[in-house]
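Quick notes on the structure that follows.
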Amino acid sequence: AGVRVVRVVGMANAERESAPPLRTHAGELMFLFVLKGTLALAGPELGEHTLAADDSVAIPARAAYALRGGEGLEFLEVVLPAV
């Protein structure tokens with residue numbers, strides 16, 4: 001498994017105003033747990049959700065998603081590899 005803490009610091013104005021790109025992952029699943037701040041999650045199959053501290057979500061493989069968060073956001077990302 002891959003595990004990391006993602007922290008958002010020093011966003012430029014263009015980053016705040018532009019739409020985040022859709023992406024996918026090839027692992028078995030991706031698990032996100034919000035430690036601080038809020039994280040917006042959107043995708044054609046997943047819908048739109050706003051996660052706050054102590055919220056979590058699992059994103060299945062090949063599901064398109066975009067993430068947006070403001071300065072001060074911290075979240076844990078765990079990706080399990082495909083078997």
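Residues Ala26 and Ala82 share a closest heavy-atom pair of O-CB, 3.6 Å. Taking both residues in full, the closest heavy atoms of Gly27 and Ala61 are given as O-CB, 2.8 Å, listed atom of the first, atom of the second, then distance. When all heavy atoms of Ala64 and Pro44 are compared, the pair lying nearest together is O-CD, 3.7 Å.
Between the CZ atom in Phe75 and the CG atom in Leu67 there is a gap of 5.5 Å [rounded to 0.5 Å]. For the atom pair Ser56 OG and Leu32 CG, the distance stands at 8.5 Å (nearest 0.5 Å). Taken from CD in Glu45 to OG1 in Thr24, the straight-line distance is 10.5 Å, to the nearest 0.5 Å.
By the 4.5 Å heavy-atom criterion applied to side chains, Val34 and Leu73 are counted as neighbours.
In this structure, the side chain of His25 engages the main chain of Ile59 through a donor-acceptor pair within 3.5 Å.
Applying the side chain to side chain donor-acceptor pair (under 3.5 Å) rule to Glu77 yields the partners Arg4; only residues at least two apart in sequence or on another chain are considered.
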- Item | Tyr65 and Met30: CA distance, side-chain angles, deciding distance, side chain to side chain contact (heavy atoms under 4.5 Å, CB included) verdict | CA-CA 11 Å; Tyr65 68 94; Met30 173 185 285; 3.3 Å; yes
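Tracing side-chain contacts under 4.5 Å through hydrophobic residues (I, L, V, M, F, W, Y), one reaches Val6 starting from Leu39; they form part of the same cluster.
For residues 49-64, there are no salt bridge (Lys or Arg N to Asp or Glu O under 4.0 Å) pairs, not counting sequence neighbours.
Within the hydrophobic cluster formed by Ile, Leu, Val, Met, Phe, Trp and Tyr side chains joined at under 4.5 Å, directly or through other members, Leu76 is accompanied by Val3, Val5, Leu29, Phe31, Phe33, Leu35, Val78, Leu80.
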